[in-house]
Amino acid sequence: MPETPTTSTAAVVAASELPETMRAAVYDGPGGPEVLRAAQVPRVLRLRDEVLVEVVAAGVNPLDVKTRAGRGVTPGITDYPAVLGLDFSGVVVQAPYAAHPLQPGDEVYGLLPFPRGTGSYAEFVSAPSLAVARKPASLGHVEAAAVPCAALTAWGMVVEVAKVHEGSRVLVHAGAGGVGHFAVQFAAYFGGHVTATASAENAAWLHSLGAHRVIDYRAERFDEVLDEVDVVIDLIGNVHADTGSRSLALLRPGGILVNAPTGSWPTMADEAAAAGVRASGFQVAGNAQTLAVIGRLIDSGDVTVHVSSVHPLEQAAEAHAAGETRRTRGKRVLRVREG
């Protein structure tokens with residue numbers, strides 16, 4: 001059940017009354033999940049167009065897990081200890097100016113440009129205002145924190161790049177994951193005929209989200225049981241059983257494969273060209289306007305978000321260890337404080 005939205009009494013404190021430090025989950029260098037620890041660090045400062053937000057919950061993303069392990073966006077981290085985290089939900093503490101649409105006390109969610117700054121595994125974030133939107137009214141902060149990164153990625157792949165429309169035949173790999181379960185819903189919402197690959201235990205759930213067919217990747221090879229498709233939303237690449245390469249053969253002439261896992265398939269462009277089809281990677285960016293649209297779809301009941309587990313900030317290591325199994329239904333979330 002969604003939490004009852006609340007407004008933090010700390011959200012309207014004067015700037016001079018804000019704490020100089022904040023609680024955060026940090027790590028001192030790449031390693032296993034155990035390198036994450038709770039600590040007090042200097043509070044982030046709001047600059048220029050940024051919105052200072054008191055964080056209630058933060059999403060845990062595959063990119064966080066990869067970066068902590070020394071992959072992902074590790075080259076962009078110039079100083080340790082570092083605070084991971086891309087998406088958040090919380091309450092505005094400081095706005096850029098008096099007439100700004102977001103003001104202290106407003107409940108918001110958004111996406112940070114980590115590692116260009118401190119991440120969201122912390123009590124405060126300072127986020128570009130163009131990447132922050134009002135939180136969906138029907139969601140509590142824990143559920144809302146699971147939305148920005150995954151939903152914006154799925155929207156970009158399905159709507160902006162693949163341009164799924166009525167009658168499009170769409171294959172979504174890893175349909176039960178954080179990005180996948182949004183991709184299934186967006187493709188179905190825009191009229192696509194959706195097939196998803198997932199484990200058998202997730203089949204009924206994915207059907208309820210709009211998938212017309214679910215292929216159990218443990219029991220069947222998707223390229224042996226599927227006919228031609230228009231779009232492949234590839235959230236695996238070639239890290240498992242050459243999923244990406246095998247997907248190209250299913251595309252009709254003029255079809256497109258959109259791939260999200262960074263570095264998962266370096267030969268993608270060459271293989272697509274040889275097969276005579278289109279392929280593109282995708283990188284997510286914060287976008288308040290799109291988050292507002294997604295929020296309306298959530299509030300109308302057309303899109304739902306699934307949180308697989310909630311961990312206190314101090315248990316960020318446990319959340320990362322669970323995330324490394326790659327068997328998450330929906331998203332994992334860190335609860336930073338009550339709210």
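Throughout, residue positions are numbered sequentially from 1 according to the sequence presented. These values consider heavy atoms only, across backbone and side chains, with no hydrogens, waters or symmetry-generated copies. Owing to the predicted nature of the structure, the values given are computational and were not obtained by experimental measurement.
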Chemist: Which residues pass the side chain to side chain donor-acceptor pair (under 3.5 Å) test with Ser245, sequence neighbours left out?
Modeler: Asn238, Glu271
Chemist: Under the rule for side chain to side chain donor-acceptor pair (under 3.5 Å), what residues qualify as partners of Asp230, not counting sequence neighbours?
Modeler: Arg169, Arg252
Chemist: If Ile, Leu, Val, Met, Phe, Trp and Tyr residues are connected whenever their side-chain heavy atoms lie under 4.5 Å apart, and connections chain through other members, are Val92 and Leu130 in the same group?
Modeler: no
Chemist: What are the two closest non-hydrogen atoms of Leu112 and Ser120, and how far apart are they?
Modeler: CD1-N, 3.6 Å
Chemist: Shortest non-hydrogen contact from Ala188 to Gly210?
Modeler: CB-O, 3.8 Å
Chemist: Do Phe282 and Trp155 have their ring centres less than 6.0 Å from each other?
Modeler: no
Chemist: Would you mind listing every side chain to side chain donor-acceptor pair (under 3.5 Å) that reaches into residues 300-310, with sequence neighbours excluded?
Modeler: Gln185-Thr304, Ser300-Asp302, Ser309-His311, Ser309-Arg332
Chemist: Quick test of your reading: applying ring-ring contact (aromatic ring centres under 6.0 Å, His included), list the pairs with at least one residue in residues 215-239, sequence neighbours left out, ordered by first then second residue.
Modeler: His173-Phe222
Chemist: Take atom CD of Gln289 as the centre, draw a 6.0 Å sphere, and report whether it contains more than 12 heavy atoms from other residues, nucleotides or ligands.
Modeler: no
Chemist: After noting the C-alpha distance and the side-chain angles of Ser199 and Asn202, does the key distance pass the side-chain hydrogen bond (donor to acceptor under 3.5 Å, both in side chains) rule?
Modeler: CA-CA 6 Å; Ser199 60; Asn202 285 318; 3.2 Å; yes
Chemist: Considering only residues two or more places apart or on different chains, which pairs with a residue in residues 20-33 satisfy salt bridge (Lys or Arg N to Asp or Glu O under 4.0 Å)?
Modeler: Arg23-Glu123, Arg23-Glu314, Asp28-Arg37
Chemist: Taking the side chain as every heavy atom from C-beta outward, state whether Asp106 and Arg134 have any pair of such atoms under 4.5 Å apart.
Modeler: yes
Chemist: Taking side chain as C-beta onward, heavy atoms only, is Asn259 less than 4.5 Å from Ser264?
Modeler: yes
Chemist: Search all heavy atoms of Pro115 against all heavy atoms of Val73 and return the closest pair with its distance.
Modeler: CD-CG2, 3.7 Å
Chemist: Once side chain to side chain donor-acceptor pair (under 3.5 Å) is applied, do any residues pair with Thr74, and if so which ones, sequence neighbours excluded?
Modeler: none
Chemist: So do the side chains of Phe190 and Ser168 get within less than 4.5 Å of each other, counting heavy atoms only?
Modeler: no
Chemist: Supply the atom-to-atom distance Ile233 CD1 to Thr195 OG1, rounded to the nearest 0.5 angstrom.
Modeler: 12.5 Å
Chemist: Among all residues two or more places apart in sequence or in another chain, which pass the side chain to side chain donor-acceptor pair (under 3.5 Å) test with His212?
Modeler: none
Chemist: Got a sec, which residues hit salt bridge (charged side-chain N to carboxylate O under 4.0 Å, His left out) with Asp87, two or more places apart in sequence or on another chain?
Modeler: Lys331
Chemist: What pairs with Glu201 under salt bridge (charged side-chain N to carboxylate O under 4.0 Å, His left out), at least two apart in sequence or on another chain?
Modeler: Arg218
Chemist: How would you list, by chain and number, every residue that makes a salt bridge (charged side-chain N to carboxylate O under 4.0 Å, His left out) with Arg278, sequence neighbours excluded?
Modeler: none
Chemist: With heavy-atom distances below 4.5 Å as the criterion, would you say the side chains of Ile294 and Ile298 are in contact?
Modeler: yes
Chemist: Starting from Leu102, can I reach Leu45 by hopping between I/L/V/M/F/W/Y residues whose side chains sit under 4.5 Å apart?
Modeler: no
Chemist: Once you round to the nearest 0.5 Å, how far does CH2 of Trp265 lie from CG of Asp270?
Modeler: 11.0 Å
Chemist: Once salt bridge (charged side-chain N to carboxylate O under 4.0 Å, His left out) is applied, do any residues pair with Arg48, and if so which ones, sequence neighbours excluded?
Modeler: none
Chemist: Distance from Asp234 atom CG to Met268 atom CE, nearest 0.5 Å?
Modeler: 8.5 Å
Chemist: Does Leu250 share a hydrophobic cluster with Val225, counting links as ILVMFWY side-chain heavy atoms below 4.5 Å and allowing steps through other members?
Modeler: yes
Chemist: Once rounded to the nearest 0.5 Å, what's the spacing between atom OG1 of Thr153 and atom CZ of Phe182?
Modeler: 10.0 Å
Chemist: Identify the two heavy atoms, one from Gly286 and one from Leu152, that lie closest to each other, and give their separation to 0.1 Å.
Modeler: CA-CD1, 4.2 Å
Chemist: Which pair of non-hydrogen atoms, one from Ala24 and one from Ala122, has the smallest distance, and what is that distance?
Modeler: CB-CB, 3.8 Å
Chemist: Do you know which of Val333, Val336, Val56 makes side-chain contact (heavy atoms from CB on, under 4.5 Å) with Val142?
Modeler: Val333
Chemist: Please say yes or no: joined through hydrophobic side-chain contacts below 4.5 Å, possibly via intermediate residues, are Val65 and Leu84 part of one cluster?
Modeler: no
Chemist: Would you mind reporting whether Val194 and Val164 have side-chain heavy atoms less than 4.5 Å apart?
Modeler: no
Chemist: Does a side-chain heavy-atom distance below 4.5 Å link Pro148 with Leu291?
Modeler: yes
Chemist: Under a 4.5 Å cut-off applied to non-hydrogen side-chain atoms, are Val55 and Met22 in contact?
Modeler: no
Chemist: Give a yes or no on this: more than 12 heavy atoms of other residues, nucleotides or ligands lie within 6.0 Å of atom OH of Tyr189.
Modeler: no
Chemist: Heavy-atom distance under 4.5 Å between the side chains of Val108 and Val51, does that happen here?
Modeler: no
Chemist: What closest approach, in Å, do Ala127 and Phe88 show between heavy atoms, and which atom pair accounts for it?
Modeler: CB-CZ, 3.8 Å
Chemist: Can you list every pair that meets ring-ring contact (aromatic ring centres under 6.0 Å, His included) and has a residue in residues 57-87, with sequence neighbours left out?
Modeler: Tyr27-Tyr80
Chemist: Let me confirm one number: the OG1-CG distance from Thr67 to Leu86, rounded to the nearest 0.5 Å.
Modeler: 8.0 Å
Chemist: Examine Val35 and Tyr121 and state if one hydrophobic cluster contains both, with Ile, Leu, Val, Met, Phe, Trp and Tyr joined whenever side-chain heavy atoms are less than 4.5 Å apart.
Modeler: yes
